[in-house]
Every structure is written in C-alpha cells, then in structure tokens.
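Position 1 is the first residue of the sequence; numbering continues from there.
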Amino acid sequence: MSRLVKKSPSVCTDLPLNTTDLCSKLQLMKELLRSSYGPTGRLKQVHNNIGGSVVTSSASSVLLQAISSSQPIINLIKTSILGHIHRFSDCGLFAAVFCLSLIEEAKQGGLRENVVIRVNNHLLTLCTDYLQQEDCSCKVRLDFCSSQSLITLARSVLSSKPTCVLTEPELAHISRLAVQAFLLTVPCNIPETVTLGRTVTVPLEGHSVLESAVFPGLLLDMPENLGPVHLCSPLCMVLFSASLAGDLSELGDGKIEMHSGVDTDSQILDQLLQLGKQVLNDEVKLFVCQKVIHPVLQHYLRCNGLIVIERLGVSLMEPLIQLTGAQPVATLHTNIPSTAYGRVHKVGIKQFGSKKMVHLQPAGETAVCSMILCHRNETMLNELKLVCQKTEHVLRLTLREPCALLGGGCTETHLAAYIRHKSNNEISKSSSVLGCSQTEYRLVAEAFCRSLELVAMALEHDGGSSLIDLTHAHHWILPSDATEEQPKGVMGLCGCGAVESCQNKKWSYLSTKYAEFSPAPLQTASPLQPTVLDSFTAKMNAFRVAVETANLVLDVRYVIQDFN
C-alpha cells in the first residue's frame with residue numbers, strides 16, 4: 001500500500017438528545033413531514049445530490065426512504081416508521097409527526113426521561129383501551145351491506161395524497177373503482193382456507209383519470225402477430241415458468257457432456273416441437289410462458305390455432321395461476337401432466353387508446369381483477385398507482401376489524417380532551433402507581449395531549465386556525481380570511497364531517513389552554529355521516545409505534561459510532 005491511515009477510535013456521544021445538532025435535525029425532520037401531512041400538504045421534490053431523477057411526492061414511504069442521515073437516532077425513527085408503513089400502508093405521517101412531537105415536548109418540559117416513558121406508556125394504554133370500546137365516540141362501524149362507508153374510507157386515503165392532482169369527479173371515480181376492485185378480490189364462496197385474490201394494475205399515461213376502469217379477470221399485453229382469438233367456450237391452457245428459448249441455461253449448473261458431431265440446437269428444437277405436439281394432442285388453446293418462446297415453436301403453435309403469449313413476467317404468474325388453476329411447468333424435458341392444465345372461460349381483446357390488451361376471463365369463481373389506471377403524466381400516474389395499492393391494503397384491513405376512526409383531526413382532538421379529563425380524575429391513583437409526583441404526571445399528560453393536538457393542527461397549511469368545540473371535542477378549521485367575531489358561520493362542518501356548526505357551541509383555539517371536560521358522544525340518530533375516515537387497524541398500530549419509538553429515543557443514553 002502506498003499510504004496507511006491509522007484507525008481512529010469510535011466516538012461516544014453522551015445524552016445525544018442534549019446536543020444542538022441532533023435537536024435541530026429532529027426539528028427539521030418534523031417540519032418536513034408535518035408540512036406534507038393531509039390533503040393540502042405541500043409536495044416535496046426529492047433529488048440525489050449526485051444526480052438522478054427527481055421524485056415529487058408527499059407520501060411518507062417516499063420521503064422517509066429519501067432521507068439520508070449520519071445520525072443513528074434519525075435512522076432509528078425512520079426505520080421504525082417505515083416498518084409500520086410496510087405492514088399497514090397508511091398513517092405513516094401521523095406516526096412520524098406524533099413521535100417527533102412527543103420527543104420535542106418531553107425535551108422542552110425538562111422532565112426525567114424514565115418518568116416520561118412510564119407515563120407515556122400509561123397514556124397509550126388509556127388511548128388504545130378507549131378506542132377499542134364498543135361505545136367509543138371516535139369509532140365508526142363499517143357496514144359491508146353498503147359500499148358507502150368503504151368508498152368514504154377509500155376517498156380519505158386517496159385525497160390525502162395531493163400529488164395525484166385529482167378533481168372532485170376524478171376522486172369520486174377512483175374511490176369507487178378502488179372499492180369495486182377490492183370487492184372483486186374477496187371470494188364469494190368461503191372455503192376452509194380463505195385466500196384473497198389479486199388486483200393487477202395496468203398504468204396508462206396520457207389519458208383522463210375518468211377513463212380508468214376495473215375488469216374481472218386478467219389483462220395482458222397483446223403480443224405481436226397474435227393468432228386467431230377464441231371469444232367464447234372454455235379454453236384449455238398451459239403455463240410454463242421455464243424458458244422455451246432453446247438455450248442450455250435452463251438445464252442448471254454443472255458440466256454438459258456432448259458427443260462429437262451432435263447438433264445440440266436441432267435436438268433442443270426437436271424437444272420443443274415434441275412439446276408442441278403434446279399440447280396440440282391435449283387440445284390446448286392458450287399457451288403462456290413466463291420467459292421467451294423459440295420463434296419456430298411460436299410459429300408452429302400459431303399455425304395450429306393456438307394463442308401464444310410469451311414474456312409474461314414473474315409478477316403476473318401468481319394472478320394467472322389463481323385465475324386459471326394452472327400449475328406452472330418448470331421443464332421441457334418431461335411430458336406435461338394433465339393436472340398442470342388450467343381453464344379460461346373466454347379470451348377477448350380490449351383496446352384503451354392505442355394500447356391493445358388480451359382479456360382473460362375465469363372459467364369459474366375467482367378473485368382476480370385488473371384495474372386500468374389512467375392519468376395525464378408520469379409523475380401523477382406513479383403516485384396514483386402507489387396510493388391505489390395502499391388503498392387496497394387499507395380496505396383489506398377492514399376485513400380483520402370492520403370499523404374506522406374519524407378523520408380530519410377529530411380523533412386526535414377528541415382523544416386529547418378525553419385524556420385530559422381522564423388523567424385529571426385519576427391523577428392521584430395513577431401517579432402513585434407510576435412512581436412519580438402528581439405535578440410530573442400532569443405535565444407529561446399535558447405534553448402527550450398537546451402532541452395529539454399538534455398532529456391535528458398539522459392538517460392546516462393555508463394560514464387558517466385550528467379550533468376544538470367544547471362539546472364533542474372535534475377539530476375545526478377557521479379559514480385565514482374569517483373574522484373572529486363570526487367564526488361559527490364560516491366553519492360549516494368539523495374535520496370529519498359528522499358535526500355541524502351551530503350558535504350555541506363553545507370553542508377554543510388548539511394552541512391555547514381550555515378547561516378540561518368530558519367529550520359528549522355523537523347522537524346515533526344524527527343525519528350527518530362522517531365524510532373523512534381513517535383506517536382503524538393502521539392508526540391503532542401507528543399510535544403504538546409513535547409512542548414506543550419516542551420512548552426508545554428518550555431512553556438512549558449513549559450513541560457509539562465508528563467513522564472508519
């Protein structure tokens with residue numbers, strides 16, 4: 001070696017949350033994510049400083065993956081939130097903003113970290129226990145006999161991503177399509193083992209969003225020189241996962257011994273043609289391969305009236321297996337067993353603009369559908385595709401827990417009022433059990449409630465003010481151009497849309513203190529239905545992840561880094 005560099009010792013940082021550098025980075029991270037939160041959140045353009053494409057998004061999954069930091073604390077929070085998003089697809093920004101607010105409030109309060117951690121865990125239990133009660137005023141039961149509540153939930157997820165740039169008619173259209181696709185993936189006949197189907201998304205750039213559609217069955221790119229298409233009657237089909245290109249790569253690793261004078265190409269081609277003769281004798285009409293098919297075999301099959309589709313790709317293998325019941329054939333050197341064949345009820349052609357696709361419809365009950373997703377440009381289309389996939393995941397979570405939480409910040413403000421009231425009534429008992437003074441308990445509880453309210457306030461980005469009504473404790477937004485003398489006449493409905501403004505209500509700004517009270521439940525016979533809903537399962541886990549991650553960060557005493 002021309003130069004030797006002596007290894008430097010590891011750097012140990014004591015009490016990292018007391019360092020100005022880390023606190024400023026946490027503050028910056030919080031503002032970055034907070035300003036992206038909600039339907040009116042500001043978009044962020046992410047670009048690598050050494051080049052590459054520019055990504056425009058306000059989605060937490062995109063933003064957090066783009067954040068690169070040398071601070072282990074930042075990476076810990078980022079990994080924790082991304083883990084939640086990977087499992088539940090929703091409420092990532094809520095979890096991140098709530099977690100960072102808890103950390104910031106705890107440091108500003110100057111309380112002992114072990115006390116904050118114990119009280120936070122206790123308050124988290126109060127929240128989750130309350131949300132799981134049947135009479136919880138934040139919870140809405142979903143009625144699967146009507147699609148309206150599912151459409152509301154889907155619309156809430158879609159509208160939270162402004163990068164999609166959807167008009168009201170487009171938002172309503174995509175919400176209905178998302179619910180339609182979800183319902184098509186739920187099997188009608190319930191066997192012993194329930195398996196949900198698949199939605200295959202086909203993006204189509206340059207077309208109006210209103211041209212998007214959902215079709216039962218599977219849409220595949222139409223190959224060139226497609227032979228005659230049988231439009232009716234059940235068709236027998238075969239599916240290959242092995243390459244039929246005629247090369248030797250599919251034979252595996254190791255040495256291949258060949259006799260001199262043997263033409264391997266012709267022998268493999270003979271083997272492929274024997275395969276073609278077998279499928280003809282077995283009356284196969286649809287021949288599909290995940291990889292490449294030899295041109296001679298393609299010509300032979302098409303001349304005999306078969307529909308040949310190659311280069312299917314690995315992502316479409318599972319949906320096609322579910323649709324047809326076929327078992328993929330992994331080799332061309334054995335006869336195809338009769339059990340490997342599948343069935344297709346009908347094969348047709350669908351045209352979308354200049355794009356033609358082969359439409360495979362199932363022979364029996366199946367749970368596979370295709371969604372043609374259109375948008376005006378690539379950025380909007382990519383974001384819409386991502387959000388539709390998340391919406392499908394959120395809708396699937398309702399099968400586990402058929403309920404939702406009030407959106408628009410109303411759950412957060414309601415929980416803050418509930419925790420304040422509950423903590424004040426049980427302060428003597430709770431502080432004794434948790435081993436802290438009543439003053440410490442009250443301060444941590446106030447910081448916890450203030451963090452919840454900060455999440456609700458993060459929904460407003462246009463200079464308006466956030467209010468709470470002192471009856472139901474729902475969240476209201478007072479526009480920036482409204483006068484303080486007549487706020488009630490301009491607010492209309494609360495954030496979730498379930499409570500209407502009236503003259504006899506009392507209000508308070510979320511940034512100010514108000515007398516604690518017990519939030520009144522909503523009238524069950526109220527004519528208003530919530531127009532903004534959050535996933536119950538995703539938000540419950542987001543609560544836990546946010547509090548547990550904040551507690552973990554507060555508990556870190558040393559950070560040891562090796563910079564070699």
Checklist line | Main-chain N/O of P479 paired to S465 side chain as donor or acceptor, under 3.5 Å | finding: no

Margin query: Once rounded to the nearest 0.5 Å, what's the spacing between atom CG of L467 and atom SG of C494?
Written below: 12.5 Å

Next item on the list: Name all residues meeting the ring-ring contact (aromatic ring centres under 6.0 Å, His included) criterion together with Y37; count only those two or more places apart in sequence or in a different chain, and write none if there are none.
Entry: none

Note to self: Has E460 got a side-chain atom pairing as donor or acceptor with G463's backbone, closer than 3.5 angstrom?
What the structure shows: yes

Check: Can a salt bridge be assigned to the pair R198 and E318 using a cut-off of 4.0 Å between side-chain N and carboxylate O?
Finding: yes

Next item on the list: Please answer whether the main-chain N or O of L15 pairs with a side-chain N or O of T19 as donor and acceptor at a distance below 3.5 Å.
Entry: no

Checklist line | Gap separating the NE2 atom of H475 from the CD atom of E453, nearest 0.5 angstrom | finding: 9.5 Å

Check: Is any side-chain heavy atom of L158 less than 4.5 Å from a side-chain heavy atom of C388?
Finding: yes

Next item on the list: Indicate yes or no for a side-chain donor-acceptor contact from T413 to the backbone of A473 under 3.5 Å, with no hydrogens or angles considered.
Entry: yes

Note to self: Holding to salt bridge (charged side-chain N to carboxylate O under 4.0 Å, His left out), I want the full list of residues that pass it with K385, two or more places apart in sequence or in another chain.
What the structure shows: none

Check: Less than 4.5 Å apart, any side-chain heavy atom of L397 and any of R400?
Finding: yes

Item checked: S156 side-chain N/O to L533 backbone N/O, donor-acceptor pair under 3.5 Å -> yes

Item checked: Test side-chain hydrogen bond (donor to acceptor under 3.5 Å, both in side chains) applied to K539 - qualifying residues, sequence neighbours left out -> E412, D534

Notebook entry, point to check: If every non-hydrogen atom of G38 is compared with every non-hydrogen atom of P162, which pair is closest and at what distance?
Noted result: O-CD, 4.0 Å

Under 3.5 Å donor-acceptor pairs involving side-chain atoms of residues 442-450, not counting sequence neighbours:
from: E446; atom 1: OE1; to: R420; atom 2: NE; distance (Å): 3.1
from: E446; atom 1: OE2; to: R420; atom 2: NH2; distance (Å): 2.9
from: E446; atom 1: OE2; to: R450; atom 2: NH1; distance (Å): 3.4
from: R450; atom 1: NE; to: E105; atom 2: OE1; distance (Å): 3.0
from: R450; atom 1: NE; to: E105; atom 2: OE2; distance (Å): 3.4
from: R450; atom 1: NH2; to: E105; atom 2: OE1; distance (Å): 2.8

Item checked: Pairs flagged by salt bridge (Lys or Arg N to Asp or Glu O under 4.0 Å) wherever residues 461-480 is involved - sequence neighbours left out -> R42-D462

Notebook entry, point to check: Can any side-chain N or O of S370 pair as donor or acceptor with the backbone N or O of L219 at less than 3.5 Å?
Noted result: yes

Notebook entry, point to check: Quick one: does V97's side chain get under 4.5 Å of L454's, heavy atoms only?
Noted result: no

Next item on the list: Please list, chain by chain and in numerical order, all residues satisfying side-chain hydrogen bond (donor to acceptor under 3.5 Å, both in side chains) with T199, sequence neighbours excluded.
Entry: E392

Note to self: Does anything in residues 174-184 form a side-chain hydrogen bond (donor to acceptor under 3.5 Å, both in side chains)? List the pairs, not counting sequence neighbours.
What the structure shows: none

Next item on the list: Drop me the distance from F536's CZ to L153's CG, to the nearest 0.5 angstrom.
Entry: 13.0 Å

Notebook entry, point to check: Which pairs pass side-chain hydrogen bond (donor to acceptor under 3.5 Å, both in side chains) with one or both residues in residues 71-90, sequence neighbours excluded?
Noted result: D21-Q71, S80-T549, H84-N541, S89-H393

Margin query: Against L33, only a single residue in K30, E31, M29 fulfils side-chain contact (heavy atoms from CB on, under 4.5 Å); can you say which?
Written below: M29

Notebook entry, point to check: Shortest non-hydrogen contact from V556 to V559?
Noted result: CG1-CG2, 3.9 Å

Notebook entry, point to check: Do any pairs count as a side-chain hydrogen bond (donor to acceptor under 3.5 Å, both in side chains) and have a residue in residues 138-151, sequence neighbours left out, and if so which ones?
Noted result: none

Checklist line | side chain to side chain donor-acceptor pair (under 3.5 Å) partner of S57, chosen from K44, K161, Q45, E383 | finding: E383

Next item on the list: Using the ring-ring contact (aromatic ring centres under 6.0 Å, His included) rule, collect all pairs that involve residues 127-164, keeping only residues at least two apart or in two chains.
Entry: Y130-H414, Y130-Y418

Next item on the list: For residues G409 and A456, report the shortest heavy-atom separation together with the two atoms involved.
Entry: O-CB, 3.8 Å

Check: How many angstroms lie between CG in L142 and OG1 in T398, if you round to the nearest 0.5 Å?
Finding: 6.0 Å

Checklist line | Heavy-atom closest pair, residues H173 and S212 | finding: NE2-O, 2.9 Å

Note to self: I'd like to know whether L373 forms a side-chain contact (heavy atoms from CB on, under 4.5 Å) with L177, so could you lay out the CA-CA distance, the side-chain angles of the two residues, the decisive distance to 0.1 Å, and finally the verdict.
What the structure shows: CA-CA 10 Å; L373 206 55; L177 289 186; 5.8 Å; no

Checklist line | V62 side chain near T56 side chain, heavy-atom distance below 4.5 Å | finding: no

Note to self: Centre-to-centre under 6.0 Å for F543 and F94, is that the case here?
What the structure shows: yes

Next item on the list: Could you walk me through whether L166 and L384 pass the side-chain contact (heavy atoms from CB on, under 4.5 Å) test, one step at a time?
Entry: CA-CA 9 Å; L166 299 175; L384 184 59; 4.2 Å; yes

Next item on the list: For the pair L405 and C138, evaluate side-chain contact (heavy atoms from CB on, under 4.5 Å) and give the outcome as yes or no after the intermediate values.
Entry: CA-CA 6 Å; L405 291 175; C138 300; 4.2 Å; yes

Checklist line | Nearest heavy-atom neighbours spanning V140 and P530 | finding: CG2-CG, 4.0 Å

Check: Below 4.5 Å, heavy atoms only, C-beta onward: do T163 and N382 meet side chain to side chain?
Finding: no

Margin query: Do L196 and V186 make a side-chain contact, defined as non-hydrogen atoms from C-beta onward lying under 4.5 Å apart?
Written below: yes

Item checked: salt bridge (charged side-chain N to carboxylate O under 4.0 Å, His left out) involving K107 - partner list, sequence neighbours excluded -> E113

Margin query: Between L493 and T531, is there a side-chain heavy-atom distance shorter than 4.5 Å?
Written below: no

Item checked: Separation of I117 CD1 from L102 CG (nearest 0.5 Å) -> 11.5 Å

Note to self: Just verifying a value: how many Å separate H421 NE2 and S518 OG, rounded to the nearest 0.5 Å?
What the structure shows: 4.0 Å

Next item on the list: Would you mind reporting whether L522 and H474 have side-chain heavy atoms less than 4.5 Å apart?
Entry: yes

Margin query: For a side-chain contact (heavy atoms from CB on, under 4.5 Å) check, start with the C-alpha distance between E440 and S431, then their side-chain angles and the critical distance, and finish with the verdict.
Written below: CA-CA 8 Å; E440 288 176 320; S431 59; over 6 Å; no

Note to self: Test of understanding: with side-chain contact (heavy atoms from CB on, under 4.5 Å), list the residues that count as partners of S61, not counting sequence neighbours.
What the structure shows: A59, I85, L386, K390

Check: Taking all non-hydrogen atoms of both residues, which atom of L123 and which atom of Y441 are closest, and how far apart?
Finding: CD2-OH, 3.9 Å

